[in-house]
Amino acid sequence: MFTAFLIKYAEIGIKGKNRYLFEDALVQQMKYALKKCEGEFSIHKTQGRIFIEAQTEFDFDEVVGKLKTVFGIAGICPVIAVEDEGFDKLKETVVQYIADVYPGCTKTFKVHARRTRKNYPKDSMTINMEMGDAILKAYPEMKVDVHEPQIMFNIEVRERKIYIYSEIIPGPGGMPVGTGGKAMLLLSGGIDSPVAGYMIAKRGVKIDAVYFHAPPYTSERAKQKVVDLARLVSRYTGPIYLHVINFTDIQMYIYEKCPHEELTIIMRRYMMRIAEHIAKENECLGLITGESIGQVASQTMNSLIATNEVCELPVYRPLIGFDKQEIVEVSEKIGTYETSILPYEDCCTIFVAKHPVTKPNVNVIRRHEENLAEKIDELVETALKTDELIIVSE
Ligand code: ATP
Ligand code: MG
């Protein structure tokens, strides 16, 4: 029945002179998403709106599902587009449309007509009135409410066709990916970091990722799980360049030379340093982590001072004020939860002390890091040199 979609975008509509850049980016992302769907589509921008028109048969659910992954889309309106065969025929079409989409409907409604084709024989007001009457006649249980209608029937008389739509399927919101620069996500196999990446990407930011693995203490399977998570996130962000860094020797060396209760903090500091190095080499403007205040010992505010101070780039922590349950809800919504909870070994937990410090003193941490002076630079260099790049896309 539906052959087109009107795409509503909220925030990007207010970007003034740069608006076309945002619209073009959105169209680009929509094209990318639709490429993976059955069927041919054309996308055009007119008067601050974007229309998708199907050129062939397509699977409605598949297309809507894909559009729901495109940041920048606030709403997706399925449209029926008909030829102009006179107003009586149009009334019939609308009455049939209501029977199909709202069977047994008793809701309040309003008709909202727009004409971009000015030579159409009826003006908008007349279309509103006459179409409203036709609907009331066909469905006496429905009522007009011009102030707060439950259903708004939009009728747009355009150059070539007449468009009818009323449903708005919510989109993901946010800004089109790529309009906000790029950032490096520290991606582990847990619940939090994929959600953190999703949230920053939602603001228009392209995502690269880095994963620290520690073979043989962490398995190939644990690494595959991170690749799988990156793939799930890439449904929203587009392809992700995932850097896999072998962290084993660094971790062992810290284990050998530093107090065990500071191990996690010192390890996290090296992760941040290495992530920042790769970020800068790849034009990333910030780092992203899944940290949330107080979630574990390494995420108290004191611990965050210690992990934060080793980098220059801003560290974005979109989950900082979220409870675990709230994070879980987002991960379920975006489809990463099931993969995140699969059992795996985390390089942070393997050597973890029974009583890690919760209030690390930065000066003490720095002093203990001096124990690493002999070999650490070389180990970091080797880790960077053996960076394995995996390009992950759906
Ligand atoms: P997550 O659920 O994201 O794994 P977590 O609750 O397990 O988070 P930590 O292990 O303390 O928390 O890690 C905090 C953050 O540090 C993670 O959200 C992630 O951004 C980053 N991180 C931790 N371990 C790794 C790793 N092995 N590789 C890359 N980043 C990591
Ligand atoms: Mg973790």
Side-chain angles (χ1 to χ4, degrees), residues 183-201 207-215 217-219 221-230 232-233 240 242-248 250-251 254 263-279 284 286-304 306-308 310-311 313 315-320 322-328 330-332 334 336-353 356-358 360 383 387-388 390:
M184 179 65 70
L185 169 66
L186 283 86
L187 181 63
S188 64
I191 296 171
D192 307 331
S193 43
V195 173
Y198 168 89
M199 289 184 65
I200 296 298
I207 302 287
D208 279 356
V210 55
Y211 166 58
F212 296 91
H213 80 143
Y217 304 101
T218 62
S219 63
R221 227 189 56 228
K223 173 173 148 190
Q224 186 55 45
K225 183 182 168 188
V226 173
V227 173
D228 293 343
L229 284 169
L232 292 169
V233 175
I240 293 179
L242 172 66
H243 299 263
V244 179
I245 296 288
N246 187 324
F247 206 53
T248 313
I250 295 174
Q251 201 163 348
I254 301 172
L263 184 77
T264 308
I265 291 288
I266 296 177
M267 252 169 44
R268 300 272 305 115
R269 282 162 65 94
Y270 276 96
M271 282 188 190
M272 299 299 271
R273 289 180 174 116
I274 292 171
E276 178 172 63
H277 186 96
I278 308 170
C284 292
L287 303 177
I288 306 166
T289 74
E291 291 160 312
S292 147
I293 293 176
Q295 200 189 73
V296 287
S298 58
Q299 298 177 28
T300 63
M301 287 180 72
N302 295 77
S303 298
L304 288 168
T307 43
N308 199 56
V310 299
C311 4
L313 286 178
V315 181
Y316 295 104
R317 301 179 174 90
L319 310 182
I320 200 70
F322 276 41
D323 294 345
K324 194 72 186 187
Q325 189 49 37
E326 293 170 316
I327 302 171
V328 164
V330 183
S331 79
E332 282 173 335
I334 67 175
T336 52
Y337 183 71
E338 293 300 325
T339 304
S340 285
I341 58 171
L342 294 173
Y344 77 115
E345 326 79 31
D346 182 346
C347 72
C348 293
T349 49
I350 282 164
F351 298 88
V352 84
V357 281
T358 53
D387 174 357
E388 179 195 0
I390 305 175

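Both counts, for ligands and for their atoms, begin at 1 and track the order of listing. Everything numeric here is computed off the predicted structure, so don't read it as measured data. FYI, side chains are in, hydrogens and waters are out, and symmetry mates aren't considered; it's all heavy atoms of this structure.
- Annotation: Arg268 places an N or O atom under 3.5 Å from an N or O atom of ligand 1; distance criterion only.
- The option from Thr218, Val226, Thr264, Asp192 that lies nearest to atom 8 (O) of ligand 1, judged by heavy atoms, is Asp192.
- Taking every non-hydrogen atom of Thr289 and a distance limit under 4.0 Å, the qualifying atoms of ligand 1 come out as 20 (O).
- The ligand atoms of ligand 1 that sit less than 4.0 angstrom from a heavy atom of Val296 are 11 (O).
- Near Leu187, meaning under 4.0 Å from any of its heavy atoms, are these atoms of ligand 1: 28 (N), 29 (C), 30 (N).
- Close contacts between ligand 1 and Ile191 involve ligand atoms 2 (O) [criterion: under 4.0 Å to a heavy atom].
- For the pair Thr218 (side chain) and His213 (backbone), a donor-acceptor distance under 3.5 Å is absent.
- Between Val244 and Lys223, some side-chain heavy-atom pair lies under the 4.5 Å cut-off.
- Polar contact check, Gln295 against ligand 1: a nitrogen or oxygen pair lies under 3.5 Å apart.
- Contact atoms of ligand 1 toward Gly290: 17 (C), 18 (O), 20 (O) (distance under 4.0 Å to a heavy atom of the residue).
- The side-chain heavy atoms of Ile288 and Pro318, taken from C-beta on, include a pair separated by under 4.5 Å.
- When all heavy atoms of Ala383 and Asn246 are compared, the pair lying nearest together is CB-O, 3.7 Å.
- Taking a cut-off of under 4.0 Å to the non-hydrogen atoms of Ser298, the atoms of ligand 1 that pass are 11 (O).
- When only interatomic distances are considered, the shortest N/O to N/O separation between Met271 and ligand 1 does not fall below 3.5 Å.
- Counting heavy atoms under 4.0 Å from ligand 1, residue Ser193 touches it through both backbone and side chain.
- No donor-acceptor distance shorter than 3.5 angstrom exists from the side chain of Glu276 to the backbone of Cys311, with no hydrogens or angles considered.
- Every atom of ligand 1 with a heavy atom of Gly190 under 4.0 Å away is listed here by number and element: 1 (P), 2 (O), 4 (O).
- The backbone N or O of Gly190 lies less than 3.5 Å from a partner atom in the side chain of Ser340, making a donor-acceptor pair.
- In terms of modelled atom types and a separation under 3.5 Å, the side chain of Arg317 and the main chain of Ile293 share no donor-acceptor contact.
- Of the possible donor and acceptor atoms, one in the side chain of Lys225 sits under 3.5 Å from a partner among the backbone N and O of Leu342.
- Within the 4.0 Å heavy-atom criterion, neither part of His213 lies near ligand 1.
- Residue-level proximity to ligand 1 for Val210 is carried by the backbone, the only part with a heavy atom below 4.0 angstrom.
- With hydrogens and angles left out, the side-chain atoms of Ser193 and Ser188 include a donor and acceptor closer than 3.5 Å.
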